[in-house]
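In this chain, residues are counted from 1 in sequence order. No hydrogens, no waters, no symmetry mates; every other heavy atom, side chains included, goes into these values.
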Amino acid sequence: LGDVYKRQQVIAVLAERVKDEAGEDVEVIVPYGHSLEIERNDAGHGALERLLDSRVDGFASPVTHVHRRLGASGGPMGPIDSAPLRGKRWFLLDDTRTGIERDPGSGAVSRLKGLQIQDVYRVQQRNFALALTHGTGLFWTDPEGQGWLQERGMWDRFAAMQTVYSAETPTTRRAASTEQAWPPASEVLALVVDETSRPYVRCASRFNRIALAQNRDCALRAGVPVRFYLLSDVLEERTPPAGVYLFLNAFRLDEGNREQLHAILARDQAAAIWLYAPGYFTDAPAVEHVAATVRMAVKQLDEPTTAGSKYQLTGRWLDKGAPFGIETAWAPLFYVEDEDVDIIGVYGQSGKASAAMAFFEEGWASIFIGEPSLTPALLREILRILEHHLYFQETTPKRFDTAYFGDHLMAVHACDTGERVIDLGQNSFWDAHDLLRTEAGWRQRSNIILPMRTGDTRLLALTPVSYTHLTLPTKRIV
């Protein structure tokens with residue numbers, strides 16, 4: 001971490017100098033903290049925690065470079081929800097390639113053949129929905145100055161989105177609702193990334209692509225509200241409560257960290273999903289640390305072993321025997337050997353338990369997955385077992401659309417064409433309108449049917465309806 005901290009110190013010193021010379025009214029925004037997507041551990045992005053305590057005002061990152069195509073998750077590159085916990089801002093850079101170019105000599109504007117401008121609009125709407133729901137800033141940018149934004153219809157849509165953004169800030173949403181905050185904390189999935197664990201990983205590029213970027217996208221396709229945090233913010237109790245914590249790479253935990261996490265989970269009556277090797281490194285690596293973290297009897301295979309697992313239950317989103325994980329050799333690799341837990345997955349090669357679930361008297365649950373990777377279907381099954389509310393009802397075929405949630409806001413980005421059924425909860429009723437399509441609205445609904453095409457984004461503003469204000473049928477129905 002030495003070189004990483006040196007780079008962070010340079011950024012912090014430069015920010016302080018700018019603020020001293022130009023005054024506090026000048027905002028210093030740095031492209032930093034891309035820890036969910038930067039694959040190499042020596043890339044210098046491992047000290048966001050320190051910069052959050054500096055005079056830097058905010059951070060900027062493009063939308064994911066891995067899964068940004070039409071119908072894909074379009075997730076953030078870093079823990080965007082940690083920034084406001086320290087009074088900082090995060091800005092998304094929408095640098096979508098539009099297929100439009102301007103000849104610098106003649107000034108002529110041309111378009112790439114085969115690229116539909118409507119598809120570009122849909123991607124930009126998805127990225128806008130991510131920014132609005134998470135309260136980040138948003139820049140539309142042409143990073144190479146090629147004329148990507150030379151299109152009048154695009155600017156008309158930018159203007160419309162800017163109007164929505166100004167009217168639908170978290171402050172105005174809360175002021176418009178007399179009810180409690182939505183979504184409720186018990187329905188939130190907190191996705192947690194640890195900066196200090198990254199240097200302990202070898203073959204970092206491949207592993208981080210799976211454990212961080214791929215699992216981030218799985219969470220966004222699980223059909224639940226997701227927040228992105230640093231592990232340090234969870235440990236220091238800056239983060240609001242959550243119903244489920246997904247620890248992507250909490251590989252370095254000392255005894256105090258471990259006890260603190262257990263206390264937080266008991267306080268929130270929450271569930272923890274631990275991936276691969278939670279707590280393995282303390283003073284020295286040991287499988288006993290993993291067992292103490294997940295509170296199960298965990299053992300380590302003696303040599304590099306091919307992973308790749310099979311689901312052991314019959315589910316709604318995942319059939320019994322369905323594969324998950326990646327069939328490749330990992331070292332170390334861990335398995336569960338415990339009669340007091342529920343086994344939900346086994347390694348295909350060894351038959352040993354690769355995934356298990358335990359419930360404790362203190363009111364929290366522990367789910368250990370020896371694989372470094374999830375699938376959206378597996379994550380949904382785990383959440384269903386935990387009786388965690390899923391906002392997508394089952395459809396045929398099964399769909400795993402991207403969903404973003406904000407303060408009384410829900411966005412859906414379609415992975416294919418067909419109808420979606422949004423389940424807002426059987427004990428609540430809502431008025432909803434689409435902020436991107438002003439003609440679309442629904443009154444007094446607990447379920448909403450959305451006909452969508454591949455790449456469509458529906459951005460729903462939700463207003464709770466009191467039972468006393470429900471419009472009841474005037475005729476008796478038998």
Go through Asp423 and Ile448 one step at a time and tell me if the side chain to side chain contact (heavy atoms under 4.5 Å, CB included) criterion holds.
-> CA-CA 7 Å; Asp423 183 358; Ile448 296 174; over 6 Å; no
Side chain to side chain donor-acceptor pair (under 3.5 Å) assessment of Tyr391 paired with Glu187 | CA-CA 10 Å; Tyr391 282 84; Glu187 296 180 1; 2.2 Å; yes
Begin from the C-alpha positions of Glu371 and Ser309 and carry the test side chain to side chain donor-acceptor pair (under 3.5 Å) through to its verdict.
-> CA-CA 8 Å; Glu371 302 273 356; Ser309 297; 2.6 Å; yes
Determine, step by step, whether Asp342 and Phe359 satisfy the side chain to side chain contact (heavy atoms under 4.5 Å, CB included) criterion, reporting the C-alpha distance in whole Å, the side-chain angles of both residues, the deciding distance to 0.1 Å, and the verdict.
-> CA-CA 9 Å; Asp342 297 313; Phe359 298 87; 4.3 Å; yes
Walk me through it: do Arg216 and Thr64 pass the test side chain to side chain donor-acceptor pair (under 3.5 Å)?
-> CA-CA 10 Å; Arg216 169 204 60 196; Thr64 172; 3.1 Å; yes
Just do the side chain to side chain donor-acceptor pair (under 3.5 Å) check on Asp233 and Ser82 with the steps written out, would you?
-> CA-CA 7 Å; Asp233 285 325; Ser82 271; 2.7 Å; yes
Please report the C-alpha distance between His262 and Phe360 in whole Å, then the side-chain angles of each, then the deciding distance to 0.1 Å, and finally whether the ring pair (Phe, Tyr, Trp, His ring centres under 6.0 Å) criterion is met.
-> CA-CA 11 Å; His262 292 172; Phe360 307 117; 7.7 Å; no
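With contacts defined as side-chain heavy-atom distances shorter than 4.5 Å, the pair Phe400/Cys415 does not qualify.
Paired with His134 under the rule ring-ring contact (aromatic ring centres under 6.0 Å, His included), one option of Phe128, Tyr229, Phe228, Phe91 passes, and it is Phe228.
In terms of heavy atoms, Leu436 sits closest to Thr457 at CD1-O, 3.9 Å. Smallest separation of non-hydrogen atoms from Ala358 and Val341: CB-CG1, 3.8 Å.
Arg445 forms no cation-pi arrangement with Trp430, by the criterion of a distance under 6.0 Å to the ring centre and an angle within 45° of the ring axis.
A distance of 9.0 Å separates CG in Leu390 from CZ in Arg316, rounded to the nearest 0.5 Å.
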